[in-house]
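Comments concern the structure below.
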Amino acid sequence: MKISSPTVARMLGTWQEGPGPAHQRLSDRLRLLVLDGRLSLGATLPSERDLATALGTSRTTVGAAYRTLVEHGYLATRERARATVRLPRDTPAERPAGTDPATIDLSFAAPPAPVEILHAAFAAALEQLPRHFERHGYDRYGISELREAVADRYGRRGLPTAADHVMITNGAQHALGLLARTLLSPGDKVVIDHPTYPHAIRTFTQARARLLPVAVGASGWDVGQLHTAGRAAQLAYLIPDFHNPTGLCMSTDVRRRLRPACPTIVDETMADLALDGAAPEPFAVHMPTAVSVGSVSKSIWGGLRIGWIRAVPALLERLAQARPATDLGTPVVEQLAAAVLLNERRSPGPDTLEQLRSQRHALGQALTEYLPDVRAPRPAGGVALWAMFPEPVSSRLAAIAPDYGVAVAAGPRFGIGGAFERHIRLPYTLPPGRLTEAVRRLARAQQALARGAAGTHTPAPVA
Ligand SMILES: Cc1ncc(COP(=O)(O)O)c(C=O)c1O
């Protein structure tokens, strides 16, 4: 597939801003677009001349950026043919940042497993497993034990829910993919928070939807803008609870007033991680037509790969019909363990939440000490700070940081059109000492960048 120069220019957005030579900024940005799947593998890039014209820059700049990408394995070139997108092979030099054990990985915003609780849940799950042996084990809606446990959880949180309004999925990401494939046609418009969760951007882009970003600013969501965008769209995707990446929580007043004209998916993956005050009510308390997506990945453990969709049975039937194209159900043992955990209500326990609070504090302190110019408002929940640097350095800093022993997710991965070049998401999911060390390393990387150092690393994957 050929990608036109105006399309690439649109994806790159404001790439000119920031320190260092223009060709490095350009190659860093292109590399992020490849890693996020926005420039798909095998896609043919515009010629150096066309892209230079579209970007209003010199052909030398584009040529140098392309050469860097070829050198690092992101572009393949043949004589007289346009460059095509590829991924580097897994050689040590080309391994993504964060995979070196000495590197502190801040690219994943997910807590470790609660070991003992998880062990006990799997022991209980194995005991219950034999009662499933008589059946074939394929279940597109999920096992009844877990559907009921999820429904009860909504009930306890103030939203009475019947088990037939719940479908179990392989994590929230799978739920989003399934919803996108079922609800969207190519060219449909999807309202998204801006910034938003990177893999949601990827999901909707791969469904060939057009994204309508609505800013989530320091004070949160703007009902008027969401309504305007919603009138032009076929779908809205919002993260009202401890939003990834800003950590903001939508106020009750906004929840009450918000009525987008299009179907609305709310991603409540972070709902259980209220650190100051009570957890928010489920969004569908205020908007019963909302399609809710949930997960145990942040409240229990991402490795379980258990999530769900809460929606009317008619929509779940459509999803169940679409599901076999990609998968035939969710593993039974994991579902039984998740049901045990949800019913026991032990995770996230007070210890986990207290640990997150102290890690959030340690990260804030380390920023004050080592990166005093960085502003990072303290979120009321979730697992990350959305740190703002005084300069648009994010992509360059993410590229160079692994040389200083830390991997981070650059701000533009959370937006479209190259936005958020001043931001970096910093999760507080590691012990305080590691977080302090990570920030110290990031500060050293920032100083090196200011001195003109160039990074060579493949940005880490994000979650
Ligand atoms: C907002 C949001 N939605 C979905 C996911 C994916 O969750 P899961 O691990 O359940 O697929 C994440 C993970 O980081 C997330 O932050």
Side-chain angles (χ1 to χ4, degrees), residues 36-37 98 105-113 118 142 146 150 153 166-181 190-206 213 216 221 235-250 264-274 280 282-283 290-310 323 326-327 330-331 334-335 337-338 341-342 347-348 356 379 381-386 408-409 411 413-415 425-429 460-463:
D36 284 343
D105 188 1
L106 291 188
S107 55
F108 275 76
L118 208 57
L146 184 53
V150 171
R153 174 183 169 278
V166 174
M167 170 185 271
I168 305 304
T169 60
N170 307 329
Q173 180 60 29
H174 174 230
L176 293 181
L178 197 52
L179 285 162
R181 277 195 292 119
V190 180
V191 178
I192 54 163
D193 297 327
H194 203 222
T196 193
Y197 167 56
H199 296 314
I201 296 182
R202 194 166 181 168
T203 300
F204 297 130
T205 312
Q206 271 182 9
V216 177
W221 288 257
L235 189 67
Y237 166 74
L238 309 174
I239 312 174
D241 301 342
F242 313 121
H243 174 259
N244 185 359
T246 64
L248 286 165
C249 192
M250 192 183 276
T264 300
I265 298 173
V266 287
D267 183 337
E268 299 178 326
T269 298
M270 303 279 181
D272 288 333
L273 296 181
F283 189 89
V291 175
S292 312
V293 168
S295 168
V296 300
S297 288
K298 309 294 165 166
S299 55
I300 304 174
W301 188 43
L304 277 172
R305 307 308 309 132
I306 295 285
W308 57 82
I309 299 168
R310 179 190 183 277
R323 190 167 178 169
T326 54
D327 76 287
T330 301
E334 276 75 1
Q335 291 190 72
L341 289 161
L342 289 181
S347 193
L356 281 172
V383 290
L385 303 182
W386 184 229
V408 291
R413 307 187 84 164
F414 299 83
R425 185 189 65 181
L426 297 174
Y428 41 84
T429 44
V462 289

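Counting convention: from 1, in listed order, for ligands and their atoms alike. Sequence positions, counted from 1, serve as the residue numbers for this chain. Note that the structure is a prediction, hence the values are computed from the model and not measured. Values below: all heavy atoms of this structure, side chains included; hydrogens, waters and symmetry mates excluded.
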Open item on the list: If we set the cut-off at 4.0 Å for heavy atoms, which region of His174 has an atom near ligand 1: side chain, backbone, both, or neither?
Closed with: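 It is neither part, as no heavy atom is under 4.0 Å.
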Can you find a heavy atom in the side chain of [X] that is under 4.5 Å from one in the side chain of [Y]?
X: Leu146; Y: Trp308; result: no
X: Asp267; Y: Thr196; result: no
X: Met270; Y: His243; result: no

List every atom of ligand 1 that sits less than 4.0 Å from any heavy atom of [X], numbering the atoms from 1 in the order shown and giving each element.
X: Ser295; result: 8 (P), 10 (O)
X: Met270; result: 16 (O)
X: Ile239; result: 1 (C)
X: Arg305; result: 8 (P), 9 (O), 11 (O)
X: Gln173; result: 6 (C), 8 (P), 11 (O)
X: Gly171; result: 10 (O), 11 (O)

- [ ] Decide whether Arg305 and Thr330 meet the rule of one side-chain donor and one side-chain acceptor closer than 3.5 Å.
- [x] no
[atom]: the protein heavy-atom neighbour that sits closest, reported with distance to 0.1 Å:
atom: atom 3 (N) of ligand 1; answer: Asp267 OD2, 2.5 Å
atom: atom 16 (O) of ligand 1; answer: Asn244 ND2, 2.8 Å
atom: atom 6 (C) of ligand 1; answer: Tyr197 OH, 3.2 Å

Open item on the list: Please determine whether a side-chain nitrogen of the Lys or Arg among Arg153 and Asp272 lies less than 4.0 Å from a carboxylate oxygen of the Asp or Glu.
Closed with: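 Salt bridge present between Arg153 and Asp272.
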- [ ] Check whether any N or O atom of Ala172, backbone or side chain, sits under 3.5 Å from an N or O atom of ligand 1, and answer yes or no.
- [x]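 In this structure, Ala172 places an N or O atom under 3.5 Å from an N or O of ligand 1.
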- [ ] Could you tell me whether ligand 1 has any atom less than 4.0 Å away from a heavy atom of Lys298?
- [x]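 Under 4.0 Å: yes for Lys298.
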Task: Spacing of OG1 belonging to Thr203 relative to CD1 belonging to Ile192, to within rounding of 0.5 Å - done: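 The OG1 atom of Thr203 sits 11.5 Å away from the CD1 atom of Ile192.
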- [ ] Rounded to the nearest 0.5 Å, what's the gap from CG on Leu238 to CH2 on Trp221? Could you check?
- [x]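 With rounding to 0.5 Å, CG (Leu238) is 8.0 Å from CH2 (Trp221).
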Open item on the list: Could you report the tightest heavy-atom contact between Ser299 and Leu273, atom names first, then the distance?
Closed with: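 In this case the closest contact between Ser299 and Leu273 is CA-CD2, 4.5 Å.
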